[in-house]
Amino acid sequence: MAMYTALRRASSAVIPLALRRTTAPSSSRTFHSVLSAGVLLSGQTATRTVVAPSLRVANSFATKTSADENLVQVLESEIKCAYDDNQSQHVEIPDDFPFEIEDNPGERTIQLKRQYQDETIKVQVDIPNVALEGNEEDDDEGEKSSESSIPLVVSVFKGNGVCLEFGVTAFPDEITIDSLSVKNVNESEDQLAYEGPEFTDLDENLQKAFHKYLEIRGIKPSTTNFLQEYMFSKDNKEYLGWLKNLKNFVEQ
């Protein structure tokens with residue numbers, strides 16, 4: 001039994017030593033292999049292509065420049081088309097036109113003004129509403145929606161701070177009154193004044209009388225037909241100026 005115990009102790013001491021000797025070279029090789037792999041990866045990382053910030057900026061600038069140049073070319077083409085249209089839409093003011101015209105470039109509206117006896121009449125005329133094509137409705141509203149029109153605000157002053165204001169839509173050879181109200185120019189805009197019923201709800205004879213009231217003050221089809229042509233021409237001029245402003249900005 002003592003001999004067996006001595007042999008067990010001897011073997012237990014020798015086996016770990018043998019294992020350490022047999023595994024040591026392998027561990028060493030493994031360590032060196034890992035170290036070599038790390039050096040290789042480090043070398044691969046070092047040789048990877050890195051884009052310098054200045055090169056990225058240069059590429060971005062080149063892309064921006066190309067896009068801007070393309071935009072300028074398209075704008076120049078559109079400017080040429082708008083210029084040709086503008087040349088073909090020159091409108092002469094008739095000698096018997098009853099209003100003075102105030103037309104400021106860059107604004108979408110024009111102002112008309114005239115004196116009629118003791119009244120001052122002012123009209124604000126907006127850009128035309130272009131007709132939608134392909135509308136085949138047969139009712140009156142359908143026919144009107146298929147025609148171009150211009151919105152007007154007609155104000156009649158008598159010098160006492162009160163004016164009669166009409167909202168008007170002018171179609172070719174026809175004028176409709178959309179609204180009617182009495183306004184005091186001295187009142188605050190925050191005050192909600194009573195503006196009367198819908199114009200179309202008024203008695204038919206009263207509607208006709210108001211149409212006549214506007215007609216003798218110069219708001220009639222011959223006036224509004226000219227204004228349609230004038231405002232279409234102005235719309236094209238403003239569009240041309242708008243395109244030029246865009247082009248100038250992009251080229252700066």
Side-chain angles (χ1 to χ4, degrees), residues 82 85-86 89-94 97-114 116 119-135 137 139-157 162-185 187 189 192-202 204 206-242:
D85 289 343
N86 188 49
Q89 289 185 353
H90 181 68
V91 178
E92 293 285 346
I93 300 175
F97 189 69
F99 292 91
E100 298 176 6
I101 299 177
E102 181 182 333
D103 184 354
N104 298 318
E107 296 181 2
R108 60 174 290 158
T109 61
I110 64 170
Q111 307 295 326
L112 308 180
K113 185 177 179 180
R114 72 168 296 193
Y116 177 75
E119 300 172 349
T120 300
I121 301 169
K122 296 181 180 180
V123 184
Q124 183 183 73
V125 188
D126 206 342
I127 292 294
N129 296 316
V130 180
L132 298 175
E133 296 182 1
N135 192 331
E137 296 180 20
D139 59 359
D140 291 340
E141 263 188 53
E143 291 178 5
K144 286 184 180 179
S145 65
S146 67
E147 297 176 329
S148 298
S149 62
I150 51 172
L152 301 88
V153 178
V154 182
S155 302
V156 181
F157 297 87
V162 179
C163 75
L164 190 57
E165 184 176 282
F166 296 85
V168 174
T169 301
F171 298 92
D173 301 319
E174 183 182 359
I175 295 170
T176 63
I177 298 176
D178 304 314
S179 62
L180 167 65
S181 61
V182 178
K183 294 195 172 183
N184 190 329
V185 295
E187 287 182 354
E189 294 183 358
L192 298 177
Y194 176 70
E195 296 185 350
E198 293 291 328
F199 185 80
T200 52
D201 291 339
L202 296 176
E204 187 175 347
L206 188 55
Q207 292 183 42
K208 290 180 179 179
F210 274 120
H211 275 282
K212 190 65 177 179
Y213 178 90
L214 287 179
E215 181 182 341
I216 63 174
R217 285 162 176 79
I219 308 302
K220 51 189 176 181
S222 60
T223 300
T224 56
N225 286 350
F226 162 74
L227 288 175
Q228 280 227 20
E229 294 181 24
Y230 187 94
M231 293 306 292
F232 271 114
S233 177
K234 176 177 174 61
D235 188 24
N236 194 70
K237 288 178 183 177
E238 297 301 336
Y239 178 58
L240 178 59
W242 180 75

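Sequential numbering from 1 along the given sequence is applied to the chain's residues.
Contact record, Lys234 with Thr109: CE-O, 3.8 Å, taken as the closest heavy-atom pair. Among all heavy-atom pairs drawn from Asn225 and Pro172, the shortest one is OD1-CA, 3.6 Å.
Between Phe166 and Tyr213, the ring planes are tilted. Angles from 30° to 60° get that label.
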- request: Give the intermediate values and the outcome of side-chain contact (heavy atoms from CB on, under 4.5 Å) for residues His211 and Glu215.
  value: CA-CA 6 Å; His211 275 282; Glu215 181 182 341; over 6 Å; no
task: Show your reasoning for whether side chain to side chain donor-acceptor pair (under 3.5 Å) applies to Tyr239 and Asp85.
output: CA-CA 11 Å; Tyr239 178 58; Asp85 289 343; over 6 Å; no
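A donor-acceptor pair under 3.5 Å links the side-chain atoms of Thr176 to the main chain of Thr169, judged by distance alone. At distances below 3.5 Å, not a single donor-acceptor pair connects side-chain atoms of Asp103 with backbone N or O atoms of Ile110. Here the side chain of Glu238 pairs a donor or acceptor atom with the backbone of Gly106 at under 3.5 angstrom. Arg114 contributes a side-chain N or O that, together with a main-chain N or O of Arg217, makes up a donor-acceptor pair within less than 3.5 Å. Remark: side-chain polar atoms of Gln228 are paired, donor with acceptor, to backbone N or O of Ser148 under 3.5 angstrom.
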Distance-only donor-acceptor pairs under 3.5 Å for side chains of residues 121-128, two or more places apart:
{"from": "Asp126", "atom 1": "OD1", "to": "Arg108", "atom 2": "NE", "distance (Å)": "2.8"}
{"from": "Asp126", "atom 1": "OD1", "to": "Arg108", "atom 2": "NH2", "distance (Å)": "3.1"}
{"from": "Asp126", "atom 1": "OD2", "to": "Arg108", "atom 2": "NH2", "distance (Å)": "3.4"}

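In this structure, Lys237 and Pro105 have side chains that are not in contact, with every pair of non-hydrogen atoms separated by 4.5 Å or more. At a threshold of 4.5 Å between non-hydrogen side-chain atoms, the residues Ser179 and Phe199 do not count as touching. Between Phe226 and Ile93, some side-chain heavy-atom pair lies under the 4.5 Å cut-off. Side-chain contact between Asp178 and Val168 is absent, with no heavy-atom pair separated by less than 4.5 Å. In this structure, Tyr116 and Ile216 have side chains that are in contact, with non-hydrogen atoms separated by less than 4.5 Å.
For the salt bridge (Lys or Arg N to Asp or Glu O under 4.0 Å) condition, the pairs that include at least one residue of residues 162-172, sequence neighbours left out, are Glu165-Lys183.
For Thr223, the side chain to side chain contact (heavy atoms under 4.5 Å, CB included) criterion is met by Phe97, Pro98, Phe99, Lys220, Leu227, not counting sequence neighbours.
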